[in-house]
Amino acid sequence: STAGRKSADYTPFRRAAQAALPASHRVCPGPRAGAYRAGSRVINSYNSRVNSRPVNAYSPSLANLRSLLAIRAIALLGQTGVLAYVVYISRTAASLWGVAVCLVLLALLTCLSLWRTTRPWPVGDTEFLVQLLVDVVGWTALMYFTGGANNPFVSYYIVPLVIAAAVLPWRHTWLVAGTSMLAYSLLLYFYEPFPLFTPHAAMGHSSGANVHILGMWFNFLFSAGLITYFVVRMAAILRQQEAQAVVQREDRLRNDQIVAVASLAAGTAHELGTPLSTMTVLVDEMLQDESLGEQARMDCALLKNQITQCRSTLAELSRTAELSSVEQTRPQSVGDFVQHTVTRWAVRRPGIRYSIECAAGSPVIELDLTMIQALENLLNNAADAGSDRIEISVDWDQRETGIHIRDWGTGIPPELLEQLGKPIIHAGKSGLGIGLMLTQAAVTRYGGRIELRNVKQGGTVATMSLPL
């Protein structure tokens with residue numbers, strides 16, 4: 001009886017997926033139903049996990065801009081307190097109009113910048129640099145009217161320099177550092193005497209005061225150079241570490257997703273084995289019936305051929321998984337690989353016209369069977385884009401070979417181009433949309449890359465680059 005038939009063993013799917021991953025990502029195989037449910041849970045949780053990616057704290061952002069404006073506001077409040085104290089003890093405001101005007105202008109710029117933070121516009125390096133330069137120029141104007149380098153608050157120049165070193169690229173940081181050093185140097189000679197900070201102005205500058213001010217200036221130059229060099233380096237290391245963490249996180253997500261898809265494929269293969277065996281037995285029994293009509297017999301023969309093709313496809317998938325699990329490869333020229341793969345694919349897509357351009361003497365590379373499926377996925381994407389013809393071209397240099405697939409379809413929306421290759425599954429009319437993700441995973445494991453770009457004349461060019 002067919003109920004007692006055992007379906008083929010498709011556990012190599014899971015073994016292949018496990019072998020393709022690092023040891024830290026491998027999981028123990030379980031029952032097929034459990035693997036199927038586990039794969040479904042992993043796939044259903046991907047969008048939320050990817051969308052929860054942390055924001056880079058070492059780049060300009062609205063939060064960093066708000067923090068900068070808060071620091072500026074605190075500094076302005078401090079200078080306003082100094083102004084109020086001078087008015088209180090001197091009982092006159094005749095010489096303080098310049099300070100007041102500077103404070104009002106900086107306050108207005110701060111309020112305008114705070115309003116800007118309520119807008120959804122992204123904050124770029126240039127905008128953040130302009131805000132820091134506003135701080136430097138505004139503070140220079142305040143220092144000019146309050147004693148210049150004699151004002152102890154002149155050391156505030158360190159604050160925008162440190163912020164620039166932590167957030168901006170090194171070129172922008174050196175620009176802020178140079179502007180601050182120039183402003184501080186000019187304030188040594190150009191300033192308005194301020195009674196609170198320059199009581200010796202009326203009787204002439206003493207040599208002791210000059211030495212002290214020059215010492216403060218030299219200390220600022222020394223501190224600014226150290227901060228600009230070392231803090232910029234430390235911030236660059238932090239950015240690099242965060243970028244590596246993001247890449248590792250994306251790799252883990254992609255690897256987990258590949259395991260989930262392989263588990264689903266293994267479960268599906270198990271479930272299909274018994275129905276195919278049942279249908280094979282039933283069709284054979286029908287063909288043995290002598291009363292079966294000629295037309296029905298032809299239909300049954302066709303059905304048997306289709307069932308045989310399905311069983312052959314499952315067996316081929318199982319064999320591919322077994323070869324992939326032990327990382328077996330075979331040498332083949334790139335031209336032959338493309339020719340054989342496209343010819344095999346064209347049988348299943350008879351409505352698509354194609355052409356292959358490949359010069360003689362193409363290099364020989366080691367390929368496994370997953371590369372065949374990867375190239376077929378790119379061909380299917382080109383055909384599904386609505387193009388009735390596809391051009392495949394092959395080129396190479398000393399380092400790598402490129403397989404270019406050109407279609408004349410509708411192209412790829414820009415918002416989807418930014419997401420290509422990321423471990424996200426988008427449901428669509430034609431399926432889960434995981435073909436490109438699996439293609440990129442296979443090519444990346446081989447050491448290559450996938451690139452897609454739209455063409456102005458219409459259509460898309462997909463490039464599979466493989467190392468030699």
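In this model, a donor atom of one side chain and an acceptor atom of the other lie less than 3.5 Å apart for T140 and Y157. Between the side chains of T341 and E376, no donor-acceptor pair of N or O atoms lies under 3.5 Å. Using a 3.5 Å distance cut-off with no hydrogens or angles, the side chains of S185 and W217 do pair a donor with an acceptor.
Put simply, the side chain of I365 reaches to within 4.5 Å of the side chain of Y446, judged on heavy atoms. For the pair D125 and L129, the minimum side-chain heavy-atom distance is 4.5 Å or more. Two residues are said to be in side-chain contact when any heavy atoms from C-beta on lie closer than 4.5 Å; F337 and L375 meet this criterion.
A salt bridge links R349 to D384: one of the charged nitrogens lies within less than 4.0 Å of a carboxylate oxygen. Between R449 and E451 a salt bridge is recorded (basic side-chain N to carboxylate O distance below 4.0 Å).
The minimum heavy-atom distance linking Q131 with S113 is given by the pair NE2-OG, 3.0 Å.
Residues in residues 102-121 take part in these salt bridge (charged side-chain N to carboxylate O under 4.0 Å, His left out) pairs, two or more places apart or across chains: R116-E127.
T173 places a side-chain N or O within donor-acceptor distance of the main-chain N or O of A164, the cut-off being under 3.5 Å. Counting only distance, with no hydrogens or angles, the side chain of S67 and the backbone of A63 share a donor-acceptor pair below 3.5 Å. S362 places a side-chain N or O within 3.5 Å of a backbone atom of G335 that can act as its donor or acceptor partner.
Scored by the ring pair (Phe, Tyr, Trp, His ring centres under 6.0 Å) test, Y156 finds W139 as partners (sequence neighbours excluded).
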task: Start with the C-alpha distance between Q79 and M143, add both sets of side-chain angles, then the distance that settles side-chain contact (heavy atoms from CB on, under 4.5 Å), and finish with yes or no.
output: CA-CA 10 Å; Q79 290 301 299; M143 294 299 101; 4.1 Å; yes
